[in-house]
Amino acid sequence: MSTATIYLEGLSLLGPGMSDWAEAVPRLLGQQPFQVDEVRLAAPSILPATERRRAGAAVKLSMAVGLAAVEDADADAAQLPNVFSSTGGDCENCHSLLEVLASSERMVSPTRFHNSVHNAPAGYWGIATKCTEASTSLCAYDATFGAGLLETVTQAHSAGKPCLLIAFDTAYPEPLYAQRPIPYPLGVGMVLSPEHSAVSKAALRLSFSDEPASRMDDAQLEALRQGIPSARSLPLLHLLASGQPGRVVIDYLDDCRLAIEVVE
Amino acid sequence: MQALRLSAYTLTSALGAGLASHLDALRRQRGGIVRKRWETVEFDVCVGEVAGLDEVVLRQDLAYYDCRNNRLAQLGVEQDGFIASVEQAVARYGASRVGVFLGSSTSGILSSEVAYRQRDPETGALPPEHRYRETHNAYSVADFVRRFFGLSGPAAVVSTACSSSAKVFGTAQRMIAAGLIDAAIVGGVDTLCLTTIYGFSSLQLVSSNPCRPFDGERDGISVGEGAAFALLERAEQPQDGDILLIGVGESSDAYHMSSPHPEGLGAKAAMAQALQQAGLTPADIDYINLHGTATPSNDAAEGAAVLALFGSATPCSSTKGHTGHTLGAAGGIEALICALALDNGVMPGGVGTQQLDARLQCNYLLTTVERPLRHVLSNSFGFGGSNCSLVFSRVGA
């Protein structure tokens with residue numbers, strides 16, 4: 001069975017060779033050549049100065065895609081329950097903490113420790129946007145995008161109002177990089193509403209499927225799709241970029257994928 | 001919200017493995033926190049440790065998930081006939097219609113902590129036997145439990161620090177309400193590790209003695225570990241004695257990463273929303289299981305929030321003096337302590353608390369009270385300002 005229809009109100013993408021959604025559209029559609037490129041991340045100005053100084057890649061990336069999706073939806077971030085979904089959270093911070101704990105001087109920095117919680121980016125989001133709505137932070141390894149999308153859709157229907165999805169991944173440095181080689185940071189933001197409105201861009205319905213996942217025609221985009229959990233969303237983003245109705249299957253768990261219909 | 005029935009549940013913590021040892025500990029006000037040298041920690045620390053984890057052997061087909069956290073998960077599901085209950089649900093609904101939503105804060109990070117001490121001196125590489133995906137990654141415990149039961153439905157780990165395994169009840173409720181699944185395994189598993197012992201110590205939030213929630217002399221937490229598992233299904237025809245989840249409230253402080261809002265505004269919002277979803281007023285709540293970590297600021301903020309919403313008469317206590325603060329497992333453990341309280345008519349008196357903080361005006365129970373209960377509320381609040389409150393009821397009480 002499918003979920004009730006959910007309406008996309010805002011969308012953002014930040015990753016290699018795609019610095020925002022407008023730049024991504026022609027590349028996803030093959031109208032412009034796609035070339036992976038270094039991802040530039042800036043500390044968001046809405047974060048208080050102290051927090052801004054401490055912000056690592058995970059906070060910068062998640063906040064950038066969140067703010068862009070909210071802006072695209074012409075929404076108020078403070079009003080949106082939010083779902084953060086990431087396979088590793090702030091991986092650089094985790095690595096630093098592990099190095100200190102393996103050293104002879106286990107002088108753990110209090111800031112490093114409170115930044116080590118998986119929901120640290122969500123905590124900074126709340127502080128920056130003054131959003132006191134429900135917020136969750138998920139992980140499902142390679143299934144992290146699908147898990148976040150399902151959580152956001154069901155949360156929006158239960159809450160009866162738009163919710164924000166921020167799916168993002170960054171990489172660990174070595175030595176953990178060898179076990180979890182995420183080639184580039186990539187983040188996707190979506191504002192999803194249970195009601196049709198003036199800002200609705202597309203209507204979506206989700207269901208579980210055992211069909212194989214849709215693939216990207218472009219070899220580099222396909223490599224990103226397979227290499228970064230949040231990039232498992234690329235077939236859906238490709239369909240949304242086309243502005244056409246259609247259906248894609250995206251990877252979720254090994255034995256449980258997500259079929260997404262874009263209707264109208 | 002659409003109520004859910006807890007058709008099975010089980011607990012493992014420093015109080016023992018299974019519900020019987022927990023009920024006994026609540027009745028007798030027995031705590032499980034001990035002072036010891038744990039792992040390679042360079043100082044004595046008071047911890048709520050689960051006995052026997054070093055001896056647990058994972059099921060052979062899942063041996064590659066071996067780490068302290070998944071050992072505790074397996075020990076946890078093996079108690080109280082929980083496996084049989086899940087198997088019956090799978091037979092009723094199908095393996096793809098049962099979800100797995102678990103909370104954990106640090107998962108099996110202890111495995112990476114040890115592996116970082118064993119890096120190759122030449123290359124810096126981790127030992128080849130280290131398995132990040134199955135141990136350290138936040139999802140590993142849900143992955144393990146999903147495979148343990150041969151499930152093929154949706155799954156995720158919620159990792160919002162100390163509210164993690166309370167919030168999974170909301171995730172499951174919404175997923176069932178959406179019709180995507182018929183049942184869910186929820187709960188949480190978190191285990192002792194260096195990250196939390198050294199981390200909370202760096203913030204000067206660890207007591208040098210077993211923790212004393214709501215005590216005027218409280219000076220920090222005792223880190224604990226534990227596993228909580230519940231099977232949730234729709235409550236279409238509730239029977240007398242059924243335990244139901246009837247309200248979930250979630251909010252964010254938007255205030256500070258590691259300190260609660262001083263007036264407990266986020267905590268109050270979560271409790272109020274849980275009551276509203278349950279269709280109850282504060283006066284309907286018979287007992288509150290407090291988050292009650294025993295840090296000066298957390299208990300002050302929660303006390304203020306409870307006073308503002310409930311007044312000072314509602315019986316309440318924290319069970320962190322019994323179990324220690326089990327972090328990502330705490331929300332699940334305390335939710336199921338509430339279920340145990342409803343099932344048996346027990347309001348646990350606090351452990352460790354000697355002299356109540358006179359500034360916290362609430363009816364904090366220093367001795368266990370036994371009487372039938374109808375509606376209880378459980379609070380869980382975490383770093384990053386993540387708050388969750390749950391309301392449970394006993395049918396026909």
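These numbers come from the heavy atoms of this one structure, side chains and all, not from hydrogens, waters or symmetry mates. Naming: A, B, ... by sequence-line order, numbering from 1 per chain.
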Heavy-atom contact with chain A under 4.5 Å, split by part of [X]:
| X | result |
| --- | --- |
| B:T40 | both |
| B:V100 | neither |
| B:A142 | neither |
| B:R146 | side chain |
| B:H256 | backbone |
| B:F200 | both |
| B:A269 | neither |
| B:L151 | backbone |

Quick check on [X] against chain B: is it the side chain, the backbone, both or neither that has a heavy atom closer than 4.5 Å?
| X | answer |
| --- | --- |
| A:S109 | backbone |
| A:Y177 | neither |
| A:E99 | both |
| A:L253 | side chain |
| A:S135 | both |
| A:V108 | both |
| A:H114 | both |
| A:A120 | both |
| A:S104 | backbone |
| A:F84 | neither |
| A:L98 | both |
| A:R106 | both |
| A:L258 | neither |
| A:D254 | side chain |

CA sep, side-chain torsions, deciding dist, call: B:S251, A:T132, side-chain contact (heavy atoms from CB on, under 4.5 Å): CA-CA 6 Å; B:S251 74; A:T132 57; 5.7 Å; no
Aromatic ring proximity B:Y116/A:H95, centre distance under 6.0 Å: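 Centroid distance B:Y116-A:H95: below 6.0 Å, so yes.
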Let's test your reading of the structure: which of [options] forms the most heavy-atom pairs below 4.5 Å with chain B?
| options | answer |
| --- | --- |
| A:L150, A:T3, A:L97, A:T87 | A:T87 |
| A:A140, A:G126, A:A102, A:G123 | A:A140 |
| A:M107, A:E174, A:Q155 | A:Q155 |

Verdict with supporting geometry, B:E39 and B:R117, salt bridge (Lys or Arg N to Asp or Glu O under 4.0 Å): CA-CA 13 Å; B:E39 220 262 342; B:R117 300 201 296 252; 2.7 Å; yes
Heavy-atom pairs under 4.5 Å with chain A: which of [options] has the most?
| options | value |
| --- | --- |
| B:R133, B:E250, B:Q204, B:R131 | B:R133 |
| B:A178, B:S152, B:A156 | B:S152 |
| B:T106, B:T160, B:I109 | B:T160 |
| B:M175, B:E113, B:R119, B:Q2 | B:R119 |
| B:A155, B:G249, B:S96 | B:A155 |
| B:G199, B:G384, B:S164 | B:G199 |

Verdict with supporting geometry, A:R180 and A:D142, salt bridge (Lys or Arg N to Asp or Glu O under 4.0 Å): CA-CA 10 Å; A:R180 188 55 164 152; A:D142 281 344; 2.9 Å; yes
State the [atom1]-[atom2] distance between [X] and [Y], to the nearest 0.5 angstrom.
| X | Y | atom1 | atom2 | answer |
| --- | --- | --- | --- | --- |
| B:F101 | B:K167 | CZ | NZ | 14.5 Å |
| A:S230 | A:L61 | OG | CG | 7.5 Å |
| B:N137 | A:C139 | CG | SG | 4.0 Å |
| A:L192 | A:L204 | CG | CG | 7.0 Å |

Aromatic plane relationship, A:F208 with A:Y252 - under 30° parallel, 30 to 60° tilted, over 60° perpendicular: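 Ring orientation of A:Y252 relative to A:F208: parallel.
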Check against salt bridge (Lys or Arg N to Asp or Glu O under 4.0 Å), B:D44 and B:R37: CA-CA 5 Å; B:D44 283 352; B:R37 280 286 162 112; 2.9 Å; yes
Residues A:E211, A:R247; criterion salt bridge (Lys or Arg N to Asp or Glu O under 4.0 Å); working and verdict: CA-CA 12 Å; A:E211 299 161 74; A:R247 182 176 182 277; 2.7 Å; yes
Minimum heavy-atom distance between B:P260 and B:Y255, given as atom pair plus value: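 Heavy atoms only, the tightest pair is O-CE2, 3.4 Å.
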Evaluation steps, side-chain contact (heavy atoms from CB on, under 4.5 Å), between B:H130 and B:Q118: CA-CA 10 Å; B:H130 180 56; B:Q118 300 167 345; over 6 Å; no
Verdict with reasoning, B:L232 to B:Q173, per side-chain contact (heavy atoms from CB on, under 4.5 Å): CA-CA 8 Å; B:L232 299 179; B:Q173 196 277 333; over 6 Å; no
Test: B:R147 and B:D61 ion pair at under 4.0 Å: no
Pair A:E92 + A:K60, salt bridge at N-O below 4.0 Å: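 Between A:K60 and A:E92 there is no salt bridge, as every charged N stays at least 4.0 Å from the carboxylate O atoms.
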Working for side-chain contact (heavy atoms from CB on, under 4.5 Å), residues B:M1 and B:L245: CA-CA 9 Å; B:M1 67 168 239; B:L245 170 70; 3.9 Å; yes
Working for ring pair (Phe, Tyr, Trp, His ring centres under 6.0 Å), residues A:Y172 and B:Y132: CA-CA 12 Å; A:Y172 292 99; B:Y132 166 80; 5.4 Å; yes
